[in-house]
Amino acid sequence: SARRRHTLLQGFAWRYDDRRMVTGRPDNSGRTATRADVDVSTFGGAIVGAYPRPGGRIDVLGWFAAQTGNWYGEDHRASALAAEAGYQWTGVASVPWLRVGILRASGDQSAGDTSHGTFFPMLPTMRRYSQTTVYSTMNLNDAFVMLTARPRSGLTARLDVHRLSLASAGDRWYAGSGATLSDGGNFGFTGRSSSGQTALGTSFESSLAWVISPRWSINGFAGLMRGGRVVTSLFK
């Protein structure tokens, strides 16, 4: 059918093993390590669709990932899911595109047990789910609205609003992009205390991208985060 021709279904599997000589340990245990000790398998599926309509196009995206493995000697069990939908007005000169979505990445419930439940995004591409780097897809609930437009040829404008909270008050507020150093104290993800709270805040993000030529472009970004109780309890 025409609907099937515009829909892509995909399964995926990844394996992540880390034995770097880094002492940083990005979890809620409060402990350091002599080296990284992480073995995580990720399995999941995704659906992507774009469906033409008179004057526009509807798009949908969804994915789910489950993880199992070892986290510094603890059993690792975590998951994440995302669901998004949008509409693009292809018949309008600036081609405005409005999208809404949710993302949930599990968090660990207790630092005192023998299991680790924080979703581990491995080596994520920065700015994929947000333009700012204040948070990562770990222990996170993210509900967002995004609007993009092309007011003129080569110029793209984007505006995002994200409502953010932690999936578990017993876990931490994480940021980072994964492995960057082979040794030292920086794992690549960092965590701050949640102070027993879940309200992370609201992020307002905007960007402009101007393609001057096939080799040159100019990009600008401005962002503001109105911190919730997780942030205000740390920065008073």
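Since the model is a prediction, treat every value here as computed from it, not as a measurement. Note: hydrogens, waters and symmetry copies are ignored here, and every other heavy atom, side chains too, is used.
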TODO: Start with the C-alpha distance between T114 and E74, add both sets of side-chain angles, then the distance that settles side-chain hydrogen bond (donor to acceptor under 3.5 Å, both in side chains), and finish with yes or no.
DONE: CA-CA 5 Å; T114 59; E74 299 179 354; over 6 Å; no
- [ ] Determine, for R15 against D17, whether the closest basic-nitrogen to carboxylate-oxygen distance falls under 4.0 angstrom.
- [x] yes
Open item on the list: Can you confirm whether the side chains of N139 and S168 place a donor and an acceptor under 3.5 Å from each other?
Closed with: no
TODO: Determine whether the aromatic ring centres of Y16 and F120 lie less than 6.0 Å apart.
DONE: yes
Open item on the list: Hydrogens and angles aside, do T132 and E205 bring a side-chain donor and acceptor to less than 3.5 Å of each other?
Closed with: no
TODO: Find out whether M146 and L98 are in side-chain contact, i.e. whether some heavy atom of one side chain is under 4.5 Å from a heavy atom of the other.
DONE: no
Open item on the list: Around atom CZ of R150, are there more than 12 heavy atoms from other residues, nucleotides or ligands closer than 6.0 Å?
Closed with: no
Open item on the list: For a quick check under 3.5 Å, do T68 and R77 share a side-chain donor-acceptor pair by atom type?
Closed with: yes
TODO: For the residue pair R163 and T202, confirm or rule out a side-chain donor-acceptor distance under 3.5 Å.
DONE: yes
TODO: Determine whether R172 and D108 make a side-chain contact, defined as any pair of heavy atoms from C-beta on separated by less than 4.5 Å.
DONE: no
Open item on the list: Exactly one of S193, S195, S194 should register a side chain to side chain donor-acceptor pair (under 3.5 Å) with S233. Which one does?
Closed with: S195
Open item on the list: Any non-hydrogen side-chain atom of L147 less than 4.5 Å from a side-chain atom of W97?
Closed with: no
- [ ] Please name the pair of heavy atoms, one in G188 and one in T180, separated by the smallest distance, quoted to 0.1 Å.
- [x] CA-OG1, 4.4 Å
Task: Plane angle bin for F12 and W14 - parallel if under 30°, tilted between 30 and 60°, otherwise perpendicular - done: tilted
Task: Residue pair Y51 / T7, side-chain donor-acceptor N/O under 3.5 Å - done: yes
Task: Side-chain touch L200/M225, heavy atoms, less than 4.5 angstrom - done: yes
Task: Presence of salt bridge, R57 and D59, under 4.0 angstrom - done: no
Open item on the list: Regarding R104 and D142, does a basic nitrogen lie under 4.0 Å from an acidic carboxylate oxygen?
Closed with: no
- [ ] Spell out, as yes or no, whether a donor-acceptor pair under 3.5 Å connects the side chain of S106 to the backbone of A80.
- [x] no
Task: R20 atom CZ: more than 12 heavy-atom contacts under 6.0 Å - done: yes
TODO: Answer with yes or no whether the side chains of D75 and N70 bring together a donor and an acceptor at under 3.5 Å.
DONE: no
TODO: Hey, can you tell me if H116 and W71 have their rings parallel, tilted or perpendicular (30° and 60° cut-offs)?
DONE: parallel
